[in-house]
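Values below: all heavy atoms of this structure, side chains included; hydrogens, waters and symmetry mates excluded. Just so we're clear, the structure is a prediction, and the values are computed from it rather than from any experiment. In this chain, numbering begins with 1 at the start of the sequence shown.
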Amino acid sequence: MLELGGVRGFVGLMRARRSSLILALVLCISAPAFAVVGHAAVDTQTSGRQSVVDGIESIHVWSPSGSVDWVELVDLDGGDTVLVGTFTGTVSLPVTGQVSAQSTDIIIARLGSSGIVWAKTIGATNSDYVYDVDANSTNLVLATELYGSVSLPGLGLQNLQHPTGVILSYDLNGNAQDCAVMPLTNTSGDSEARITGVRIHPTFNSVIVMGEYSEVQADLGTGDLSLTGNENTHGFVALTSRGLDWVWGFAFEGTDVQMKDIDVPDSTKIAVGGSFNALNPIRYQGDAQNGRGGQDGFAAMLTTIGGIDLLRTHKGDGTDSVDAVLIDSYGRLVAAGQHCIGATGPCSVKLWEDSYLGSMGNDSLHLTAWNPGGTPDLVTLIDQPESSPEGQDIVSVSKAGQQHIVWSMNSQGTVSLVPDGQTAIELISPGSTSDVLLIALDSDSHNLVWSNRSIGGSEEVYDIEAGVNNTLHVGI
């Protein structure tokens with residue numbers, strides 16, 4: 001449940017952790033209608049429970065039965081929402097009826113105000129995964145990993161000998177249009193590649209992707225990606241034409257690199273973020289940054305021709321990562337990350353020359369706005385008792401010229417929010433199970449604008465997107 005000014009309403013993808021019952025629900029809320037209850041929005045020093053006064057516009061509901069793991073959503077111009085995920089066993093589709101997965105297969109569903117509009121599945125003979133989806137006014141594109149015998153749009157039946165990254169294109173009615181397959185070279189028995197993020201260029205409709213590859217190479221238009229070495233993974237960013245022909249691709253070299261988020265807000269810049277093992281530096285196009293030890297995070301701002309503007313690491317004492325990125329209206333690289341995960345003593349995260357303490361015994365989160373010159377402009381911290389918190393995402397919304405960052409995460413119990421340069425604010429939870437927590441901060445100062453959490457047995461957020469008319473689409 002989501003508490004809205006003292007009342008309750010259903011939200012998102014609600015899934016009991018020990019139950020196979022899964023409902024696809026997408027909450028659409030009007031961002032400009034948000035306000036703070038319990039204290040004035042301008043008083044950032046006051047502790048207390050905060051809720052949304054005025055909020056839910058619509059709820060999209062669909063239950064396909066079976067075991068579905070939803071991973072991403074995207075809103076369409078008309079107000080509908082497309083969800084993507086994977087499923088095992090059997091699901092029930094509105095036209096074709098019962099569909100059984102060959103192993104782990106992909107499901108795509110379009111939800112409208114009256115329920116399901118259409119749903120499709122795709123799968124090869126081995127396990128397949130979808131990681132991201134984006135849309136424009138005519139098409140959907142999916143970031144996937146396919147393995148085995150599969151029928152691909154424009155290519156027909158293909159036998160993919162290794163787990164392979166594939167971009168899939170559909171029209172808004174769910175009809176398959178085209179695809180781009182990573183052309184793997186120098187393969188071995190342990191070769192694998194995947195596309196983990198996808199964005200459509202807002203001006204030229206080219207497609208920009210990120211992904212990972214291990215013990216294999218691929219020519220994505222600018223020669224083979226660099227060798228990974230045995231039992232190692234590199235990341236990459238690549239661009240295709242609107243017709244899904246590979247144009248350029250460059251590697252993020254390192255040890256155990258994971259690519260976790262991508263943003264393409266305008267015609268010139270790309271933001272990506274992820275993690276790497278600090279045994280070796282993270283490298284891209286001649287730039288290299290060291291970690292601190294164990295797993296550290298990184299965030300980068302690139303040009304749309306593959307050049308590097310900024311590469312920075314988020315390095316701490318525990319297991320650290322960057323889970324979500326965006327480029328704000330001021331041209332800053334904004335990154336949401338984790339630090340002090342698993343730390344058993346005093347811990348901190350280091351951002352360029354400055355260190356920020358975490359909470360000993362608690363896992364911690366941070367939101368950092370990097371200036372284009374490479375120094376942290378704003379840093380906001382969260383300490384919370386949940387182990388290895390997931391569900392982090394960030395989106396930018398605006399109202400009357402004011403820019404806000406909406407930050408989502410899974411939360412357990414009361415959390416302590418420390419906006420940049422301010423004292424801690426307690427965001428109180430009445431229970432001890434996992435809740436969904438949404439926090440809106442002013443982009444200029446990181447002052448708290450509002451916050452809101454779900455109330456129920458156990459809920460987890462998997463995606464948040466800014467839609468038309470400044471609505472927020474939240475999948476839980």
Side-chain angles (χ1 to χ4, degrees), residues 34 36 38-51 292 297 299 312 314-326 328 332-343 345-371 375-394 396 403-429 435-453:
F34 277 114
V36 176
H39 67 271
V42 296
D43 181 6
T44 59
Q45 308 303 319
T46 305
S47 298
R49 182 57 187 245
Q50 300 136 69
S51 301
R292 190 172 182 178
R312 287 293 179 262
H314 294 222
K315 43 196 178 183
D317 300 298
T319 299
D320 315 289
S321 68
V322 169
D323 299 328
V325 293
L326 60 81
D328 68 14
R332 298 176 303 190
L333 175 62
V334 182
Q338 305 180 37
H339 62 282
C340 293
I341 307 301
C347 61
S348 64
V349 61
K350 190 171 185 179
L351 304 170
W352 197 234
E353 299 298 332
D354 300 323
S355 293
Y356 300 85
L357 291 176
S359 176
M360 185 171 65
N362 288 342
D363 296 326
S364 301
L365 307 178
H366 59 273
L367 183 70
T368 305
W370 291 96
N371 283 314
T375 57
D377 187 18
L378 299 168
V379 178
T380 289
L381 304 174
I382 283 182
D383 297 319
Q384 64 173 345
E386 174 153 335
S387 176
S388 299
E390 299 292 343
Q392 279 207 98
D393 202 0
I394 48 176
S396 180
Q403 298 288 323
H404 296 160
I405 301 293
V406 180
W407 189 8
S408 72
M409 67 207 68
N410 298 327
S411 167
Q412 183 174 304
T414 298
V415 305
S416 177
L417 172 71
V418 188
D420 182 81
Q422 302 176 30
T423 57
I425 302 171
E426 282 194 338
L427 305 180
I428 300 171
S429 170
D435 297 331
V436 172
L437 179 60
L438 304 180
I439 298 172
L441 301 174
D442 183 272
S443 295
D444 286 325
S445 61
H446 277 197
N447 286 341
L448 177 64
V449 180
W450 53 260
S451 75
N452 194 15
R453 70 165 67 239

Can you name the nearest heavy-atom pair linking [X] to [Y], along with the distance?
X      : Y      : value
Met409 : Ile439 : CE-CD1, 4.1 Å
Trp370 : Trp352 : CH2-N, 3.7 Å
Pro376 : Asn371 : C-ND2, 4.5 Å
Ala335 : His314 : CB-CE1, 3.7 Å

Handout entry: Partner set under ring-ring contact (aromatic ring centres under 6.0 Å, His included) for Trp407, not counting sequence neighbours
Key = none

Roughly how far apart are [X] [atom1] and [Y] [atom2], rounded to 0.5 Å?
X      : Y      : atom1 : atom2 : result
Leu326 : Ser396 : CG    : OG    : 6.0 Å
Ser364 : Ile382 : OG    : CD1   : 9.5 Å
Leu448 : Leu417 : CG    : CG    : 6.0 Å
His339 : Ser355 : NE2   : OG    : 10.5 Å
His366 : Gln392 : NE2   : CD    : 8.0 Å
Asn447 : Leu441 : CG    : CG    : 8.5 Å

[X]: side-chain contact (heavy atoms from CB on, under 4.5 Å) partners, not counting sequence neighbours:
X      : answer
Ala324 : Asp261, Ala336, Asp393, Ile394
Ser443 : Tyr330, Arg332, Gln403, Ile405
Val418 : Leu381, Ser416, Ala424
Thr319 : Gln295, Ile341

Problem - Set of side-chain hydrogen bond (donor to acceptor under 3.5 Å, both in side chains) partners for Ser408, sequence neighbours left out - result: none

Practice task
Report the residues that fulfil side-chain hydrogen bond (donor to acceptor under 3.5 Å, both in side chains) with Thr380, sequence neighbours left out, ordered by chain and then residue number.
Solution key: His446

Practice task
Carefully, step by step, assess Val415 and Asp383 under the rule side-chain contact (heavy atoms from CB on, under 4.5 Å).
Solution key: CA-CA 6 Å; Val415 305; Asp383 297 319; over 6 Å; no

Problem - Test item: Arg312 side-chain N/O and Leu333 main-chain N/O as donor-acceptor pair under 3.5 Å - result: no

Problem - Asp420 side chain to Val379 backbone, donor-acceptor under 3.5 Å - result: yes

Handout entry: Pair Val436-Asn410, side-chain contact (heavy atoms from CB on, under 4.5 Å): steps then yes or no
Key = CA-CA 5 Å; Val436 172; Asn410 298 327; 4.3 Å; yes

Exercise for the section: Would you check, one step at a time, whether the test side-chain contact (heavy atoms from CB on, under 4.5 Å) holds for Leu438 with Arg453? Expected result: CA-CA 6 Å; Leu438 304 180; Arg453 70 165 67 239; over 6 Å; no

Problem - Note, Asp435 side chain near Leu437 side chain (heavy atom, < 4.5 Å) - result: no

